[in-house]
Structures are given as structure tokens and as C-alpha cells.
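Structure record follows, encoded as C-alpha cells.
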Amino acid sequence: MRKADVITALIILIIGIFVVYDGVRLGVIGWGASGPMSGLYPFLLGMGLIIGSLVVMGRVFISRKSMSDKPFIQKGGLRHVLYVAVPAALMVALTEFIGLYVAAGLYLALYMKWIGKHRWITVLAVSILLPLISYFVFDKYFLIPLPKGRLSGLLGF
Amino acid sequence: MESLNNLMMGFGVFFTPYNIFVAVIGIFLGTIVGVLPGLGGANGVAILIPVTFMMPPTSAIILLACIYWGALFGGVITSILFNIPGEPWSVATCFDGYPMAKKGKAPQALTAAFSSHFIGAVFATVALTFLAPLIAEIALRFGPPETFSIMMLTFSAFVALGGKSPIKTLIAIFLGFAMAAVGIDIVSGKLRLTFGTTELMGGFHFIVAVIGLFGIGEILITVEEGLKMDSLPVKMSLRAMLETWKELPRYWKTLLRGAIIGCWMGFKPGGATPASFMSYGFAKQFSKDSEKFGTGIMEGVVAPEVAAHAAGVSAMVPMITLGIPGSPTAAVMLGGLMIWGLQPGPMLFKEHPEFVWGLIASIWASNAIGVIIVLAFVPLFAAILRVPFGILMPSIVFICAIGAYAVNTRMIDIWYMIIFGFVGYTFKKLDYPIAPMVLALVLGDMAETAMRQALIMGQGSPLIFFRPPFALPIMILAFIIFFWPTVSRWKQKAVKKRCKI
Amino acid sequence: MKKVFSGFKITLGLVCSFVLLSLSTVVAIAWEPTKPVEFVVPAGTGGGADIMARFISPLIEKHKLSPQPFIVVNKSGGAGAEGFLHVKGKKGDPHIITLTLDNLFTTPLATGVPFNWRDLTPVSRLALDWFVLWVNAESPYKTAKEYIEAVKAKPSVFKMGGTGAAQEDQIITLQMEQAFGLKFIYVPYKGGGDVAVSLVGKHSDSTVNNPAEGVSHWKAGRLRALAVVDRERINLPDWDKIPTMKEATGFDMSYHMLRGIFMPPGVSKEVQEWYIELFRKVTETPEWKKYVSDSALKSAFLTGSAYVKWLEEKEGLTKDLMKKGGLIK
């Protein structure tokens, strides 16, 4: 838990520095034609993030004991989380190339077969029908074209 | 009494078989649109505008308005079942609705939510029928300083929702504000926090963040405890529904407060979301079961929902009377009005009374029809939870991805969703509260703009934030609410002391 | 969800949909869109450009002007920069068009986004929007002259409400300040509707709203129109009673807002021609004519080299005004 706390605080610190940097670029002090300079607000927010994250880190080091001594993630837990996270991220990555419908179909099938251990008939039915229904609902009915990646133009859509 | 006569005329306009048919279709489509995250009432309305060319204007607006009501109803469903808010104003419903569903009380939560919607709608419709011109006049008096004071009130109502660590609550709020600041700064016209990238120019859309933080984050939290492939036990019976109704009158104070907040906030653009947050915050602060909020109690579902729907209805007031839309959906409807050859604004009441009163009558009737339809579907919605997890989970991820994309039709938003999922997961584990961050993200932009507009108007003098007659009392109220928890704790201590003596 | 699905039905459904899809791609004689056209609006939902796009796209369908639907997509990020860069990036894509306002010029100038209208293929100008100087009907100023005298007497007191910063409303405000030696407090709002309401609610002392944004309040007797920012009066009933800037104040001022169609760079001449013809037909429909007069737009269809020339002039004028007003260096 302590490590996770410090790492998260570090990331927030970095975000804070970025925000302050952009605030300074836009100008912090002064009164422009449009009231307070547009950088003032990000500057203050960024400073808040920097100070806050430093306090969190400081507290971890000083008290030598963070909020809880439980590990951030249980041993078996990490594997389960990755089982969900990795295929989802892969689906998104694939979407860039083969479009959301096909990527989602593969993702659904893979997940249901590999982790859900469902029968092939169920797997095929859901992984084909759900994207197909979504295609008609979004692309055809609501006219919101979902990403089709490189497949765009092929198959007529 | 003139209003009553007009209303009767309006009912005469509404009650034709064709219009009732149109209303049912509208509610139905609206509910679907509301259920799918990322697809809002605005999309539904925009898509159907071409269809309305063939209709008389009154039927057309009834259809569009019913889609809007349906979307208001539908937004709740995914919040309660999957912790994914379909619409921004359903976020606060997640806080108690989802824990209720986890306990197997999804039907109760849905029934409570739909019923409070109806109560909110009735309350707001009464206000709309008799007080529309008055409300419009008050709305006009609300300039940037007043808007800012309302924002302060919302934040102070929500301060009690922080986590255990005040410093982490502050960090979460600052992060939310910082995300809200990404993109164009409308006061100076400059790009902020985009670091020269196109991807950041559009900023972070609230829905995308919420789908990730709540929806994906929750899935990660759930699976960590083990991949349970079985489904949630859901007992659905008419009894559950009746029990819920029996319990509802107990929350009359929360209902009334929420309805008033909703009516009052709804006439400002984007009012439904702050209204639902504010109602939830107030309910928590003033409730006897304050500590139980967030663990899945009915009062926590009732409070935001009654306010959201009341605000949704009262958002029609500025649209009809002033020609300014109170919500994005109303904005698209305004476009529709113009296409049908009606000029929205103050003259609409005089030039087309049959249209305006037909619309108002349709709000009465269609909300009644709506609540019956959605209540009839409660068992079906609850049954979704019986789908095995191995099928449900990837399907939810897929629908979430569609939702995130549909908001802005940008690929990058799907990535943001995944990233926000991890953020939500990490934050929950490390005790960074997500609710204040989300509130800051929703309202940060509005609050900052109002503050800076007010400062420009006042030439830098902060006194403008306290100008009578509206900003001053709201600000004072905000301060009182802000310090309420401290005061009440202090009072409790004093009482204890006296008891000892 | 039911567990048993017949595999045969799925296959049949798939085959059917493929057949249907391939039918829609039958080769046409001249160029025609073969898939839905993305109609990018570089502004938010409910604004002037959005309403126009959402008006045009069903109109095209109603009159069967295109074999494929036009799908409105809002990309409002960065004052429209997101939308412009999106279209710019779709080089050679014949299935994407955009409807722009003056932010075509002002946004890149004010934000420094690497974009210029020359990066796009101009299709046609559809209409121009007027600007009117409005005050609250309860204010004592009956003419533009009276109002300007009052502002002159008390610099930095009168509040001018407008849409956004470094955009057309502020440009006109600056133009007025320079012409008459005034100083307003310019308060930016998010959209034209908000601006009009701020004037009705007396949070602003005046605005330069477009006619469509102020019309309903005007007809309800809550706003007063003082002058049109143009050389000629608006050629529509009721509107023609508003004097021009020159008539009212003696100073010649003219500013219009563009509503024009553009395509990505590198599209073929054939494609460009098809869209020009399409929008010519759109502007000839009776619905369009009614829409234009209802929202008090100046019907001004223009295309080809005349359009390009107009754009060049307009860009120069905008740049010049923004420079003079100190909005850009």
C-alpha cells in the first residue's frame, strides 16, 4: 500500500508541475482585458496538486505507516484484474486497425470462451449478434458511425 | 384561473389517439437512448427531427419531449445496475443505487428511482403550469455572480461526501478542476493545458470520465475479489415494488427538498446535474442516517432522482418562455421549433397558445404514461443481472466503449475510458474520493467561467459575489451549509458535556 | 437473454445484410457519395451552425438530393479547432464536409492552432449573418447615437455582452470602441442565447447579437434594436425599420458572419462539383428560403473563384481588425 501511495502521489505531482507550467505560460499575475489572467486558475490548481501530493508523500515517510498496511493488491487479485484489463486494452488497440465491431466480436468471444467457459453456441451467438445489433442501432438508426479502422470502405461501410 | 382553463385546452389538444401513440413511442425510444451511455436525449431528439417534418408541430414536440422524459427515466437504469451513469444527472444515483443492487435490491432501487422521478415531474409540472412566467422572470435576474453563488452552494452541500483523508479529498477536487480546465478558455479565447496536442483540445468529456471511473473501475474492483462467474441473486416480485412504495412517504422531506432544488436549478442551463448532486448532499447532511449514505439506502436514491427529473421538467421553462435551452436536449428541440416555423421565446405563449399548452399538458400526461411503462419493465431490467458474469462483463465493456466513443466520436475517448478505469480503481483503493472529483469536473468549467465573468463585470471587486437580492443569501446559505457538519459535531459534544455534568 | 440461437438464422441474417450492403454500392455514372457523409460542425449542439447543419441534413433527405445520408457530428473543442483539424487530416476523403462560421478565421488567429482555411477545399458560401446593436427596451437610449454618447461620457462602465473571446462579437465591439473613442467592459458568454438573455436580464447594457438570437425578445418588446452593422438595411419585413450604422451614427461599419461549406484538402474536382451542385439545390428549396428569412439570414450563395476571393478579403479584414484591437500581435 505504501509503495502504491507514493507512486500515485508522484504521478499527481508530475501532473501538478505540468499544470503549473502551462499556467505560467499563459500568465499568472496581472489584470488582462478579460479580467484575471487565464493562467491564474491553472496555476493555483497546479500548486494545490503539488502541495497536496507532497503532503501525502511526506506523511507516508514520516509516519512510516500509511493509511493501511494491507498490500495494495492481493496476490491472486492481480491476475484477475489483468484478466479483465489486458483483453479490454487489446480490444481498444485492435479497434484502431479493424474497427470496433470486429474487435469487440473477437474480444467477446475470447473472453466468454477462455474465462467464462461458456458453450460455443452461446459464445458465437453473443459475439456475433451483439456487435451486429450495435451496428444497426448506432450506425444505421442513430447515425453515429462507430470506428471501423482499416476496414472502412471495405464491405460497403 | 386562466392557467387552468389553458391547461384544459392543452389536454384537449393532447388527448387524441395519435398524440398518445406518439407519446408512448417517444417514451420507449427515450428510455433506450437513456440506457445507452454516451447516447443522450440530445442524440435521440436530433435523430428524430427529420421524422417530425411530417407531423403537426404539437405532435412533433410531444414526440421529442417524450424522448427527453424517457431519457431521464432511462439514465437511472445503468447507474443502479452497473454503476455506469447513462446521463450526467444519474451520477449521484450510483452512490446508493449500485450498492442497493449489489445487495440484491435492484428492483427496489429502480422502483424508488422511477417513483421519485414521477414525484419530481409532478411537482415541477405544477410549478411550470402556474408559475412559468414568474420563474422566467427570476431566471432573468440570475447573472454570472448568482450562477457562481449556486456553484458554491452545490460544492458546500457536497463537502460532507469527502473521504477519510481531507488532503486526498482536496487533491481529488483539484484534479477534477484541472481536468475541467483543459481545452479552450472561453473568457480569454486561449487554449489551456493542451500542450499543443489536438487530442486534448476537446478537453475531457465528463461522460467518458464517469464511464471509466465508475463503470470500468467498478468492474476491476469486483473481479479482484475473485472471478465469480455466477450472477447476482435478484428476487423480483410485486411485493418488492409495493414495499418500496410503502417506504417512500417516509422520505417526504427529502422528496420535497429535492423537488424544490430541482425546480429551482432546472431553469439554469445544465441545471439537472448540480441539482441532483445538491439534493444528495443536502439529504445526507440533514438525514438521521447520515452515516449510512453510500452503503445502499433508499433515501440516497430518492434524493438525486427527484431533483434530476424536476430539473429536467423545469428546464423547459426557459426554453418556452425565453428561448434559451436549459439543457442540451432542449437546445436541439429549439432547433426543431425553428424548423417547424415556430419562433421560440416569449412570443410563443401569445402566438401559439395551443402549442405551448399542448406541450405542458403532454408533460403531465406523458410522465404518467412514462412511469407506468418503465415500472412495467423493472423486472426485465433487473433480470439483466441474472446474465452470467462471463457474458455480462465483456458486454458491459463493449457498450461502455461505444458510449465513450459516441459522446464526441473520437477514438481517443475510448483510451481515456480505459485510463480512467485504472484511475478509478487506484483511487478507490487509496481512499481518494471519486465523487468530489467528478463534481469538480462537471461544474468546474461553469464555476470558473461564472467567477471570471462576475469579476470582469465588477472590475475586479469581489463584492459582486455578494450582491443582493439573490447572490447574497445564496452565498450566506452556502457558508452555513459548509460549516454545518462542524457546528453540529460541536453541538453534539456540548450536549454530551452537559449530560456528564 | 435466451441461450439457444439457431446458427442457421444467424448465417442467413449475415448473408442478407451483406447482399443489402453490396447492393448499395452500385456504380453510378457521375461521382456520388457511396457511404454516409460526415457533416462536421465545429461548434456545440444547439448553436447557429449546429441548427443549420441539422436543418440541412434532413432537407437533403427529404428532397432526395443525395443517395447517402448526411450525418451531423459536433467537434467543438478548442473553439472549433478540433473540427477544423479533423477535416484537414482527412486528406482526399470525399465523404466529409464541414459547415463553418467566422471561427474559421478567428480561432487559428487567436489560439495559434496550425490551421488556415487554405488547408481546406472551399465548396460554397451558403449565407451571411447580420449583426445588430441591441439594448434593453427599458433603457433610455432610443438611438445608437444617444447610446454611444452615454458610453463615451462614462468609459469602462457599460457592459457589452458577447459570444466568446477574440471572436466576431468582440471584434465588432473593438471596432466600435475605436470608431467612436469608447471603452466598454466586454463580458464573454458561452453562446448567443446566453448573451441575449444577459441583456434582457440587464446583466449587460448592450450586445451585438445576430438577428436570430435576439428576435424573439425583440418581438416580445424586451429588447430594442439600435442599428444594423451593415451598409444596407436588412431586406425583410420589420427588420427593414432598423437603421444602418451609418444612418444612425454617421460612421460606416459593416461586418458579416460566414456560413460556408468546406471539404478536406486534395479532393477531386468532380467531387467538389457534386457538392457545389448539391448545395445550390439546397439553397433553392422553399424550406431553405423560409428558414433563411425566419432566422433573418442574408441569403448569399457563392462558389468558385468568387468565393475564394471573398474569403481572402474577409480573412484580411478579420486579421486587420484583430490586430488593431490588440487581440493578436
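Letters A, B, ... are given to chains in the order of the sequence lines, protein chains preceding strands, and every chain is numbered from 1.
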(message) I'd like to know which of C:M52, C:H203, C:H86 tops the heavy-atom pair count under 4.5 Å against chain B.
(response) C:H203
(message) Out of B:K190, B:Q459, B:R141, B:M457, return the one with the most heavy atom pairs under 4.5 angstrom to chain C.
(response) B:M457
(request) Specify which of C:G201, C:S198, C:S156 makes the most heavy-atom pairs with chain B at under 4.5 Å. (result) C:G201
(request) Decide, yes or no, whether a salt bridge links C:D294 with C:K290 under the criterion of side-chain N to carboxylate O below 4.0 Å. (result) yes
(message) Is the distance from the ring center of C:F55 to that of C:Y291 below 6.0 Å?
(response) yes
(message) Holding to salt bridge (charged side-chain N to carboxylate O under 4.0 Å, His left out), I want the full list of residues that pass it with C:E287, two or more places apart in sequence or in another chain.
(response) C:K62
(message) Main chain of C:S139, side chain of C:R224: is a donor-acceptor contact present, judged purely on distance under 3.5 Å?
(response) yes
(message) With a 4.5 angstrom heavy-atom cut-off, is it the side chain or the backbone of C:K159 that approaches chain B, or both, or neither?
(response) side chain
(message) With a 4.5 angstrom heavy-atom cut-off, is it the side chain or the backbone of C:V215 that approaches chain B, or both, or neither?
(response) side chain
(request) Name the region of C:K75, side chain, backbone, both or neither, that has any atom closer than 4.5 Å to a heavy atom of chain B. (result) side chain
(request) Report yes or no: do C:N209 and C:T207 form a side-chain donor-acceptor pair below 3.5 Å? (result) yes
